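Here the structure comes first, spelled out in structure tokens, and everything after it is commentary.
The structure displayed is predicted, hence computed values, not measured ones. Within every chain, numbering begins at 1; the chains are lettered A, B, ... in the order of the sequence lines, protein sequences first and strands thereafter.
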Protein chains: 2
Amino acid sequence: MATEETNANNIISFVGGRRPLYVEVMEELERLIKGRKLKPGEKLPSVEALTEILGVSRSTVREALANLETQGLIIRKQGSGTFVSQSSGKGFIGGMERIEPFRMIAKRAGLDSEVIFREVRTVIPDLEIAEQLGIDVDTKLIRVEIVEAIDGVPTMYLVDYLKESCGGEETLSEWEGSVLTYLVERCDPPLNQSRTEIFAVGADEVVASKLEIAEGKPVQYQVDTYLSSSGEILGIGFLHILTDHFHFFVNRRVV
Amino acid sequence: MATEETNANNIISFVGGRRPLYVEVMEELERLIKGRKLKPGEKLPSVEALTEILGVSRSTVREALANLETQGLIIRKQGSGTFVSQSSGKGFIGGMERIEPFRMIAKRAGLDSEVIFREVRTVIPDLEIAEQLGIDVDTKLIRVEIVEAIDGVPTMYLVDYLKESCGGEETLSEWEGSVLTYLVERCDPPLNQSRTEIFAVGADEVVASKLEIAEGKPVQYQVDTYLSSSGEILGIGFLHILTDHFHFFVNRRVV
DNA sequence: AAGTGGTCTAGACCACGGC
DNA sequence: CCGTGGTCTAGACCACTTT
């Protein structure tokens, strides 16, 4: 991380990736926090100190801290310092500002997650989906259907519709990881952002059978629109989540 | 906004408020977008152009644009430009990254909202609430209960518990605006951030009667912890929301 | 090649909190 | 008063998109 060069970015790209410096800083701090080198409530080194330790500019450190705060991992207090968020220690749940595979969130929360149903096939979209994706009704889509369980309890039912530009049915069928990981790592252009709409609904017949619950039981319903960094729509996901054993949170700010 | 001074902040504070320059920039752009001077999908002036038009630095413009993007009002596309978000034109809903009074969100969506029930009283908290607020069980709290309707349909049922440091029962009873506005404008320290946990539940007897729905009907349930900029807990809110006529969205990013 | 947003540096001053 | 995070400027170069 440390360097004597004027612009450290050049060095970083030689070393490993072409990721921004502030992301490297974020990851370094995340490692410290998740590895409990820095405990909940504990004070981080000051911005000034971090610039020296890491050998990067103040802006870069602050960019990293801003993102970590958005994720709820730290809290910055003007005049007194930056602290590891208390809540990151207890029963941790899912922060929504960040796109993350379900099983990653579950893992961080110390819960077991398991894919108990998975099906990939090529389909022709119906009118509504075609409209939302901005495509013709005769354009083929890859449909992915997944049920995930937490501690043995079916908790999330996901149906994704992805454009073929992200790869065909075979590629996705063989993919071991999550759909989100696939979209980020294998798609061109890659997944960069998502717009998620949130509802509370009663489980219909299909959802009830997939999640093994009674019809009409309240579940969180999300419609996720997957976008590339340039705003291109890559796909759309329909999620039903049982919030009994898992739920999301959002950090909100006054503007 | 324009100035020849090295640090424009001094000027700003003389003129009116002590708000950051980038907030002024945000508000200027919001006015243009909401006033339809800039229409959905339309391209904004480039960052470079904005620095000249507004007489502020590149960083300041970018800070403003970053916040507006988080709010879902604009989309930035590397290499091509910044655009007014399409979705801000159609059936607009509530972006969750920002703390906003319910009625403000509704208003922006072009919906009528109306407070159809409101009660303020002083209470002693039960054990659970006292624990979440980090106070003794004999500390008095202000309890605010509100039902809001959208287009005549009861849609949100809110129960807030606020510390007395934010003002007594009388002050709040006479307050015309929303509780959130009160916490931001009249509280010392003021409301700055909130942590919101999201669930889907069935309406219990109380909620059903307040929202005039059947018991067991799925509603979104939120627990909002209100915090000052220094992380001090100001209060806690329990919301039940009917997502039939109104719902939230969240913009999420890959990190 | 030109235009536009993304990242980064270096340095300055302000506002807040605690000593 | 001092340490800390917050805001702001000026200038540089990179990465991506469009012409």
Any donor-acceptor pair under 3.5 Å linking the side chain of [X] with the backbone of [Y]?
X      : Y      : answer
B/E169 : B/T122 : yes
A/E69  : A/R76  : yes
B/K43  : B/S80  : yes

Quick one: is [X] getting a side-chain N or O under 4.0 Å of the [N] phosphate, OP1 or OP2?
X     : N     : answer
A/R76 : D/dT4 : no
B/T60 : D/dT7 : no
A/Y22 : C/dT7 : yes

So, taking the atom named SG in A/C187 and the one named CG in A/L172, what distance separates them when rounded to the nearest 0.5 Å? 9.0 Å
From the set C/dT9, D/dG6, C/dG5, return the single nucleotide nearest to any side-chain atom of B/R58. C/dG5
Of the listed nucleotides D/dT7, D/dT9, C/dC8, the one nearest the side chain of B/P20: D/dT7
Using only modelled atom types and a 3.5 angstrom limit, is any donor from either the side chain of B/R62 or the base of C/dT7 paired with an acceptor on the other? no
Comparing nearest nucleotides in DNA chain C, the 5'-proximal residue of the pair A/S57, B/L44 is B/L44
Just report the end-to-end axis angle for the helix from C/dA1-D/dT18 to C/dG18-D/dC1, five pairs per end, to 10 degrees. 10°
Please list each protein N or O that sits under 3.5 Å from an N or O in nucleotides 2-4 of chain C, with the distance.
residue : atom : partner : partner atom : Å
C/dG3   : N2   : B/G79   : O            : 2.9

